[in-house]
Every structure is written in C-alpha cells, then in structure tokens.
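Here's the structure we're looking at; comments come further down.
To find a chain, count down the sequence lines: A is the first, B the second, and so on, and within it residues start at 1. Just so you know, these numbers come straight off a predicted model, no measurement behind them.
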Amino acid sequence: MSAPDPTREGFEQYVAARMPALLRTAYLMTGSHQDAEDLVQVALIKAVPHWKKIADHPDPYVRRVLVRESVSRWRSRRWREVHTDRLPETPVEGPGADRVELQRALARLAPRQRAVIVLRYYEDLTEQQTADALGISVGTVKSQARDALARLRAEPLATVSP
Amino acid sequence: MTTLHDRLADLADEAPIGVPAPDLWDRGVRVHRVRRAGTLAIITTAVVLLAVVAAVDWQRSAPAPAPAHGSAGLPDRVWSPSPWLPATQQPGQLVAVSGAEQATWTGTHPAVVGISASTGGYAFLDLPGADLEHGVELAPDGRHIAYWLTGPTTGTPNSESGPVTGVGVYDAVTGDVTQHWIDTAHGLMPDFLTWADAGTVVFSAGQIRGGDDASDMDQSSSSFGTVTSWTLGGEPQPVAGVASGAFLQGAGHGRILVDGPSSRQDRHVLVDVSDPTRPRDLEVPRLAGAFGHMHFVALDATGRRIALVPGSRNPNVVHAGVVGDLRAVPGTQRTFGVVDWIDRHSIVTLGRLGRVSVALQAALYRVDVSTGESRIIVRFPVDSLGGDWQFATDLLDAPSVAGVEPSSPMDPRATAGLTVLVCLIAGLALVLWRRRVRA
C-alpha cells in the first residue's frame, strides 16, 4: 500500500474547505447552478498541476482561473447561443423578488463588469487584487466598476449602494 | 438600506451546495498530462519544420567544397548564378566574370558575379561606385576589374547616362579600388574600356553635351573621346597616334587595334601602348560585329597574327593567320567570335555546342588554326550563348578543372515567410488544442 500523497491531501483539504465559498462566487458570476459547479470544478482541476507552488496560498490562483474562465466561457457562448434581452418569465413577487431582480441585473452586465462587481463588492477585494485576478489594469477595474454600478442603478432595483 | 455586498451575499445563498468530486485531483493530473503531451507534440512538429526549413536554407546556401587543386584552374563548365549568391570584397584571382541580376528584399539590380580561379566558387563582387550599364572588363590575369565610375558632375548631370565620371580599377586580391576621376560638366559617354595587358587599362569616353535640363539633342550627343592609356600605379596618358573617337576593334598582349580613317573601312591601326609612337596599319576583312563582350579581332602575342569571324552574318567561319594571309579555319562554321590566341597555333573561340542544335547552348573551344582540330574547354549553361561571360585570357591555357556548381540559396523572403507561417500555425494549433482539452 502506497503512502498518502501530502500534496494531494492538501488539495483535497482545500477543496473540502473552500468549495462552498467558491460555488457562491461562481454562482454570482454565472447565475446558474450548473455553470457554477462546472466552473469551480474547472478552476480546481486547472489548479492541480500548479498545486505544489500555490499550496500555501491557493485562493488568488483559483480565483483568477475562476473569473477568467467565466469571462472566456461567456464570450465563446455568445457565438453559440441566441441572445435575448428578455429573461425567462419567473415570479418576481414575494420575498425572493429582490434576488431575481438582482440576478437579472447582473446577467445584463458584461462578463468582465459582472466579475468586477462580484470581486469588489462581494469578495471585498481591493482594486489591485481585482485587477490581478482579471489580468487587467487598475484603471480598467475602476472604469468597469463605475459603468457596472451605473447600469445596476438604472435597473428597477432598490437603491444600490456600494 | 442594504449594501450591494449584502444583496450579493443574499443572492449567493442560492448557490448550490456542491460536494467535491472525489476524482478532481486525478482529473487534474490527467488533463495536465494530455495538454502537455499535445503542446509538446505541436512544439516538436513546429521545431522539426523550422529545422527542415533551416536545413534546406543552409544546404542551398552552403558553398561547395573547394577543389583540391588550390592553384588557378579553368573550370570545364559554368552555371547561371543564383540572384541570392553572397557578395564578397576579396574574391582573390578570378577566372571569369559575368553580369547578373542580384536580388535584394525589395527587388533586383544589375551586378557582377565572379568565379574564383583557385576555388571555383561564385560570388557577387562589390564594386564601389560602379556604373554597370556600360559593363566591366576583367584583366587578362584575372586580378583586376576595370569599370566606369559614376559620381558628381560640375554642371547639371545627365542622369540617364549615369552620369559616368571616371574609371575604377578593382583589385580582386586586396579588395582595393583605384579611381581615376575625369572632370565633366554633365557626364561621359563611354566609347570603350579594355585591358591592353594585365597592367594597362585603355579607355575612351566623350563629353556629353547637355544635362537633364538641356535639349534632347544635347543630352544625346557627345564629343569624340580621347583614347587614354592608364598603367596601374601611374597616371593616365592619351595614346599618341590614335585619333579622338577611334573605335576599338581588338586588344591584348600589350596592344590595341582601332579603326583607321573613315575613308578606309578595312584599314586599322595597331598600337603598342608601351610604345605608341610607332603605330602599324593593318588590313582587316569586313566585320559583322562583335559578339557579347568579345572584341571584333583577337590579337596574338607577337602582333603579327589575328583571328576573327568576318562577314555579314554570325555565327560564321573563323579566319585566322598572319595579317594579310588570313585563312578559314576548318570546322568553325558555328563560331560567334574569337576570345584570344593561346599560342601561335591555337585560338580559343566561342561557338554553338554540337553540330545539331537540340538546345541553345554554347562552349569555349580550343582550336588548332591549321587543322581545325578542336576540343571543348568550357561549357556554358543551357539556353546561354556565353556572351555575358568574360574569361581571364591568361588562364585560358590553365589546367582544366571540374566546375563547381554554385550554391543556390533560397529566397530569404520565402524562408522568412515559411518561418512565420510555421510559427503562426503552431501558435494557432496551441490555442485550439488548449481550448479543446478543457478540464
């Protein structure tokens, strides 16, 4: 019987501990349960070859893969899917109505804007950390955040306050 | 009022409660292996293709190995040079030169290719300031090349003619160039440039009457040129006893043959350039014209014998012998011209190859003027009549050596294009592969 691989064990412990948080972030970026699960799996699988290097502090790398994969998937899907401005009819009354409106508003944002919003205002990353995760400049993060917030404010939501 | 963070956190509560797949690590390792294998395959393929391109490029560019003889030899055949041959400043003693097109990344331009007498290698020659429109002249010993220089004029230049403003002599052994500038208002109209012997250039050029701003008549007319002799290391001097504007008929072995007074078309003047005070009148049969770079008449070392292809058509039969007693040389009906005398019995001629012309091809023949017995000493490429080639006449009697086929380098634009194409395709394949092999 072979001895357990400490690198693999570390990875599996990380996955067990961080899976729910990663799924929450992925869900906010995709708006879909299935896509969120798929996205997280992809990010984790892609992290495996680099695990020895990132084992001490894996979050930035995994997050970077997560958001970049999300953006690139959305771009590739744009060519395959029929785009519509109208979301499927869903009940918007009741306690969940605000969630649905927010989800619709996020869905209308460009993928990079959505990622900026999620990283800056949900993950509470700094502008520099957000820029690093997305592979863009801090200036672009600022402008994307500004535009995204403006669009969210224009939606029929309750007031959006950063 | 709730913050955006709160509302996002509230929405995130809807996220799925995922259970980690048990084989994530194994899948990660497997995907990594597949991606790495594909990447390696693509890079290997690209490297192999680039290596093939580089190898073909190198193989075609590599100079042929120098023959063992080392000393000067006469190649038994010559080839049409590639426009992408390398250039050199010090080729050493040359056995032959030819005009050729030299290619650059942006086009082609006229240039001169030389064949090394010792190695048989081909290379373009760097002739600084050369005006190649009027050709170059290889010295009999193959060490020097004389050519017309182009440079500044004192008045408005006649651009269409160069303008030609002097004569240069290039030393193929040292790479040095000796220049003789001639004062000219608009440029010179070259009459001829030749070597009387290995150390003496003879030339003549008239002064063009008008520059670019002059009338067409003045732009296209010139004065009679002074026939000038220039011994290397000395100062050019007019050749005494030769009229201005004299037309060159032959040169070699220390003498030049020029036409005589216009009233006597068969009278010519033979001048020893080292002692021009005693010119000799010669009677020469009517000539059809010179072929290629050859002179009308070939003079022998004694100055007593001449050889030429007379008549009104070319090719024709060679006539050779003592002046005044020229005789047709048997079996020379397909001769374009006579290159030189080798000894009192033998000449070298340029003629069509074979008795039945299947392809257009020519050769240099060594011919016995008494019997007409001949043998081929140099073959020219198919579809070439050899008129572009000049040989160092002192080496026509040198030992015959196997000609060395020159390298034919690939067009560097094609090499660069192939390299870029391979890199682009490899890059594209890498991107597609890495997209295809997703986790």
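At most 12 non-hydrogen atoms from other residues, nucleotides or ligands lie less than 6.0 angstrom from CD of Gln89(B). For Glu133(B), the CD atom counts as loosely surrounded, since its 6.0 Å shell holds 12 or fewer non-hydrogen atoms of other residues, nucleotides or ligands. Gln59(B) CD: 12 or fewer foreign heavy atoms inside a 6.0 Å radius. Within a 6.0 Å sphere centred on CD of Glu9(A), heavy atoms belonging to other residues, nucleotides or ligands number more than 12. Residue Arg33(B) qualifies as open at atom CZ: its count of foreign heavy atoms under 6.0 Å is 12 or below.
Contact count versus chain B (heavy atoms, under 4.5 Å) is highest, among Thr30(A), Ile117(A), Asp124(A), for Asp124(A). Ranked by heavy-atom pairs under 4.5 Å with chain A, the list Arg30(B), Arg36(B), His32(B) is led by His32(B). Of the listed residues Gln34(A), His33(A), Glu12(A), Met19(A), the one with more heavy-atom pairs under 4.5 angstrom with chain B than any other is His33(A).
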* **Derivation and outcome, side-chain contact (heavy atoms from CB on, under 4.5 Å), residues Arg8(A) and Asp26(B)** => CA-CA 9 Å; Arg8(A) 178 174 183 156; Asp26(B) 294 330; 2.9 Å; yes
* **Residue pair Tyr122(A), Leu11(B): steps toward the side-chain contact (heavy atoms from CB on, under 4.5 Å) verdict** => CA-CA 10 Å; Tyr122(A) 173 68; Leu11(B) 179 60; over 6 Å; no
* To do: Could you check Val48(A) against Arg27(B) for side-chain contact (heavy atoms from CB on, under 4.5 Å), going step by step and ending with a plain yes or no?
  => CA-CA 9 Å; Val48(A) 168; Arg27(B) 284 170 61 190; over 6 Å; no
* To do: Begin with the C-alpha distance, continue with both residues' side-chain angles, and end with the deciding distance and a verdict on side-chain contact (heavy atoms from CB on, under 4.5 Å) for Trp25(B) and Thr7(A).
  => CA-CA 10 Å; Trp25(B) 178 266; Thr7(A) 311; 3.7 Å; yes
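The part of Ile17(B) that comes within reach of chain A is its backbone (N, CA, C, O), which places non-hydrogen atoms under 4.5 angstrom from that chain. Interface remark: Leu22(A) contributes no atoms to any contact with chain B (heavy atom separation under 4.5 Å). Both the backbone and the side chain of Leu23(A) come within contact range of chain B, judged by heavy atoms closer than 4.5 Å.
Closest approach of Gly28(B) to Pro49(A), counting heavy atoms only: O-CG, 4.3 Å. Residues Tyr27(A) and Glu14(B) approach most closely at OH-OE1, 3.0 Å, considering heavy atoms. Closest heavy-atom contact between Pro16(B) and Glu37(A): CB-OE2, 3.5 Å. Heavy-atom minimum distance, Gln41(A) versus Ala21(B): NE2-CB, 4.1 Å. The two atoms that bring Leu102(A) and Arg7(B) nearest to each other are CD2-O, 3.4 Å, heavy atoms only.
Remark: Tyr121(A) OH to Thr3(B) OG1 distance equals 11.0 Å, nearest 0.5 Å. The CG atom of Leu4(B) lies 11.0 Å from the CZ atom of Arg120(A); values are rounded to the nearest 0.5 Å.
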